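This is a predicted model, so every value here is computed, not measured.
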Amino acid sequence: MRILIISLLVLFGTGHIAFAQSGGLDLLNISPSSYALAKSEATTSIPDGTYSIYSNPALLVFNNSSSLDLSYTFWVASIQNVFGGINFVNDKGALAFAFYSSGADDYEQYNRPGPSNGNFSVQYLSLSTAYAYRIRNISLGVSAQYLREEVFTYTANGYAFNLGLAAILINERVDFGFSVNNLGEMEKLNTNATDIPSSFKIGASAELFTFTPPKNESLPIIVSVAADIVKPFETNDNSSGISNNPTTEFFNLSASFNISDAIELNTGFRTGETSRPMSFGVSFYTGELKFNYALLPFETGFGTAHSLGIQYTF
């Protein structure tokens with residue numbers, strides 16, 4: 001009876017249940033990085049600290065320093081995403097560890113019409129480790145994830161792997177990245193196993209030019225762009241129309257304006273089947289610390305997502 005009630009809620013009840021469950025492990029389709037979210041996740045070729053575990057693990061070794069990364073994302077429908085990780089970098093290799101969790105606990109459970117029996121939670125967890133190795137301007141990387149999902153009283157475990165390649169080209173002005181993400185499977189959650197949203201990505205990023213304001217030559221502005229092509233491996237037939245999961249290939253595009261290596265303004269655009277086509281953000285650099293903020297307006301009436309992140313380099 002309980003699984004029937006939950007199924008009815010998924011299909012006809014609360015919109016945020018449908019959002020959380022329509023595509024399975026939805027956190028794997030949402031970058032944990034505030035910096036990446038501001039760029040509409042066009043970061044397959046852009047080093048991003050420990051967050052690169054989930055975009056392209058080959059990029060871990062292209063970071064200039066080791067880093068400790070933390071982020072909190074208040075997603076729509078009261079879903080909260082939390083990330084923490086550390087990346088150790090040396091001349092030729094990088095080793096990283098991270099956790100990434102997502103969920104909400106304000107869903108009401110009913111066995112019959114009338115008052116609810118209380119609240120229940122939907123939670124997802126990814127524990128990951130990754131290694132990248134660099135040979136001159138080319139690197140290879142791999143990450144492994146332990147996955148866990150909890151819906152009401154049901155739990156399931158699983159695993160996934162990410163594989164990546166990255167290269168620095170044309171006098172270090174153009175970066176290239178390729179990754180295969182989320183190859184794995186889950187145990188059955190009560191009666192069915194949740195689909196893992198696998199995909200491959202190809203991306204490039206480049207510095208276009210540097211602009212110096214005529215009245216303030218001490219504030220050079222570097223203009224950069226990035227683009228990713230994302231191809232999901234499988235089509236999810238259970239989409240509710242509000243899922244974050246794409247079903248066909250799409251593009252992630254971004255532009256950034258770095259002002260004197262102190263402030264960076266970012267914006268991004270996603271094509272295809274998405275309820276969040278635009279994104280905006282700002283980053284502040286203060287020595288060993290970097291603060292990131294991203295804002296993502298949704299078009300489906302869910303509101304706006306906000307993400308905050310901090311990176312400490314050492």
Minimum heavy-atom distance between A226 and I46, given as atom pair plus value:
CB-CD1, 3.8 Å
Which pair of non-hydrogen atoms, one from S128 and one from I53, has the smallest distance, and what is that distance?
OG-CG2, 3.6 Å
Cation-pi check, K290 to Y35: give yes when NZ or CZ is under 6.0 Å from the six-membered ring centre and within 45° of the ring axis, no otherwise.
yes
So OG1 of T210 and CD1 of I221: to nearest 0.5 Å the spacing works out to 10.0 Å
Single hit among T43, L60, N87 for side chain to side chain contact (heavy atoms under 4.5 Å, CB included) with S52
L60
Side chain to side chain contact (heavy atoms under 4.5 Å, CB included) partner of S283, the single match among N266, N258, L265:
N266
Go through the steps for Y51 and D69 under the test side-chain hydrogen bond (donor to acceptor under 3.5 Å, both in side chains), then give the verdict.
CA-CA 8 Å; Y51 302 108; D69 300 275; 4.5 Å; no
In terms of side-chain geometry, is the basic nitrogen of K39 or E41 positioned less than 4.0 Å from the acidic oxygen of its partner?
no
May I have the step-by-step check of side-chain hydrogen bond (donor to acceptor under 3.5 Å, both in side chains) for D48 and S33, ending in yes or no?
CA-CA 8 Å; D48 191 17; S33 167; 2.6 Å; yes
Which word best sums up how the rings of F314 and Y312 line up, parallel for under 30°, tilted for 30 to 60°, or perpendicular for over 60°?
parallel
Parallel, tilted or perpendicular, judged at 30° and 60°: which one describes the rings of F233 and F200?
tilted
Counting only N and O atoms by type, is there a donor-acceptor contact under 3.5 Å from the side chain of S65 to the main-chain atoms of T313?
no
N/O donor-acceptor pair under 3.5 Å between S139 side chain and Y133 backbone:
no
Are any of the side-chain heavy atoms of [X] and [Y] separated by less than 4.5 Å?
{"X": "V230", "Y": "N252", "answer": "yes"}
{"X": "V82", "Y": "S71", "answer": "no"}
{"X": "T50", "Y": "F97", "answer": "no"}

Under the side-chain hydrogen bond (donor to acceptor under 3.5 Å, both in side chains) rule, what do E207 and S224 come out as? Steps first, then yes or no, please.
CA-CA 4 Å; E207 292 185 7; S224 303; 5.0 Å; no
Going by the side chain to side chain donor-acceptor pair (under 3.5 Å) test, name the single residue among S179, S126, S143 that passes it with Y54.
S126
